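Report on the following structure.
Side-chain atoms are counted along with the backbone in the values below, which use heavy atoms only and exclude waters and symmetry mates. Because the structure is predicted, anything quoted here is derived from the model rather than measured.
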Amino acid sequence: MLLSSPGTLAFLDGGSIARRLELVRVPLLELRPVPPRSWLSRALGCSAADTVVVSSRFGVEAGIVPWLRALGRTPPSIEFWAGGPDTARALRRVGVRRVRRSSVAGADAIAEAIRRSPGRTVLYFRSDRAGTGLARRLQEDGHRTTEIVAYRTGRPTVLRAADRRAILSADLIIATSPSALSHLRRLLTPACFGRLRRRTRLVVLGRRTLRAAWGHGFSRVALIPPAGAQRFTRRLLGVVGDARS
């Protein structure tokens, strides 16, 4: 069971995972781009930027692509930091070559990775729900930061009956963001959510989601940082085996 925005961890739809288990996707997040006309002038005004941070694949589509189109080029001097492998691949697909990412997914890991760098000028593309925590941390570390809210995160108001049955019968759930867990809790009754967090093994991709899972009361939680498809799949299959034993 994968709780995510559409297209996340697309490599799980084939290969060894598909042969060994039934993967059900439940899209709990609906992503909508913010019209570039509302933020593009601010992004273009950050002409001294030497670092661009984008934490999601959709942030590349909604933010990086319109910005690069307006610039007319990909500045070779800018270092791009991606929140995970999906985001890094999305950046490379749109022509960005200088892409870096931390060994652990998420904004906290990016902040830690560049913490000791000399003061940077950072352009940060994020969702409306990501919050200002990363920007504040970067500023505390001496980096000048301009935030761009490039997309908004919406949520379905009800679960389809088939999705509800799949969630409650799952051996293992993969949650890709704190928002996915929060919304899942809202969509289930307290009794159903309580049963889920007691009996179901949870896999999360980053530290923020790990903390959110603990906050919601999940005790059987495994952190698998996004990595290459083969490495991630091997680790996931190991957790699946533990969940079924």
Side-chain angles (χ1 to χ4, degrees), residues 1-12 17 23-31 53-60 81-88 90 101-113 124-137 151-156 159 163 167 170-188 193-194 196-229 231-233 235-236 238-240 242-243:
M1 170 66 60
L2 176 58
L3 306 175
S4 72
S5 57
T8 301
L9 301 178
F11 60 81
L12 292 180
I17 285 286
L23 178 67
V24 178
R25 288 181 176 268
V26 178
L28 291 184
L29 303 176
E30 298 172 345
L31 307 181
V53 173
V54 58
S55 57
S56 74
R57 177 183 52 82
F58 196 76
V60 175
W81 278 84
D86 281 355
T87 311
R101 65 180 183 87
S102 62
S103 58
V104 177
D108 289 346
I110 293 174
E112 184 63 26
Y124 171 34
F125 291 89
R126 66 172 177 86
S127 74
D128 60 328
R129 292 183 61 84
T132 60
L134 175 59
R136 287 200 307 270
R137 183 170 175 184
Y151 64 99
R152 301 192 183 280
T153 304
R155 302 181 296 246
L159 269 178
D163 288 340
I167 289 169
D171 295 307
L172 180 142
I173 290 175
I174 306 170
T176 59
S177 70
S179 297
L181 288 175
S182 297
H183 193 42
L184 177 64
R185 186 168 190 168
R186 294 187 189 99
L187 291 172
L188 296 175
F193 189 78
L196 189 74
R197 67 189 179 189
R198 287 192 302 272
R199 63 168 292 274
T200 306
R201 188 72 183 265
L202 188 68
V203 165
V204 298
L205 308 187
R207 294 184 187 129
R208 289 180 65 240
T209 312
L210 177 64
R211 290 194 295 268
W214 289 338
H216 286 297
F218 285 91
S219 57
R220 303 175 67 202
V221 186
L223 171 64
I224 304 182
R231 182 180 177 190
F232 183 89
T233 299
R235 295 190 63 178
L236 179 60
V239 176
V240 169
D242 291 342

Item to complete: Measure the CG-CZ distance between L188 and R197 for me, rounded to the nearest 0.5 Å.
Response: 11.0 Å

Worksheet item: Which distance, rounded to the nearest 0.5 Å, do you find between the CD1 of I173 and the CG of L184?
Response: 6.0 Å

Worksheet item: Quick one: CD1 on I167 to OG1 on T200, what's the gap to the nearest 0.5 Å?
Response: 10.0 Å

Worksheet entry | Closest approach of A212 to P178 (non-hydrogen atoms, all atoms of both residues) | CB-CB, 3.8 Å

Worksheet, complete the sentence: In short, H216 meets S182 closest at the heavy-atom pair NE2-OG, 3.6 Å

Discussion item. If I compare all heavy atoms of G215 with all of R185, which pair ends up nearest, and what's the gap?
Written reply: O-NH1, 4.5 Å

Worksheet item: How many angstroms lie between CZ in F218 and CG in L196, if you round to the nearest 0.5 Å?
Response: 4.5 Å

Practice prompt. Give a yes or no answer on whether the side chain of T132 reaches the backbone of A135 with a donor-acceptor pair at less than 3.5 Å.
Written response: no

Worksheet item: Does the pair T176 and T209 meet the rule for a side-chain contact (heavy atoms from CB on, under 4.5 Å), with working shown?
Response: CA-CA 7 Å; T176 59; T209 312; over 6 Å; no

Discussion item. Could you measure the distance from the CG atom of L181 to the CG atom of L210? Nearest 0.5 Å is fine.
Written reply: 10.5 Å

Practice prompt. Work out which heavy atom in L205 is nearest to a heavy atom in L223; give both atom names and the distance.
Written response: C-CD1, 3.7 Å

Item to complete: Only counting residues at least two apart or in another chain, list the ones meeting side chain to side chain donor-acceptor pair (under 3.5 Å) with R211.
Response: D108

Discussion item. Could you report the tightest heavy-atom contact between L134 and A111, atom names first, then the distance?
Written reply: CD1-CB, 3.5 Å

Item to complete: Look at the side chain of R198 and the backbone N and O of G194, then say whether any donor-acceptor pair between them is shorter than 3.5 Å.
Response: yes

Response to the item:
Taking every heavy atom of A213 against every heavy atom of L202, the minimum-distance pair comes out as CB-CD2, 3.5 Å

Worksheet item: Can you tell me if R129 and T153 form a side-chain donor-acceptor pair at under 3.5 Å?
Response: no

Discussion item. Among residues at least two apart in sequence or on other chains, which ones pass side chain to side chain donor-acceptor pair (under 3.5 Å) with R152?
Written reply: none

Fill in: 4.5 Å side-chain heavy-atom contact, L172 and L236
yes

Worksheet entry | Residue list, side chain to side chain donor-acceptor pair (under 3.5 Å) with S56, at least two apart or on another chain | Y151

Worksheet item: How far does CZ of R220 sit from CZ of R199, to the nearest 0.5 angstrom?
Response: 8.5 Å

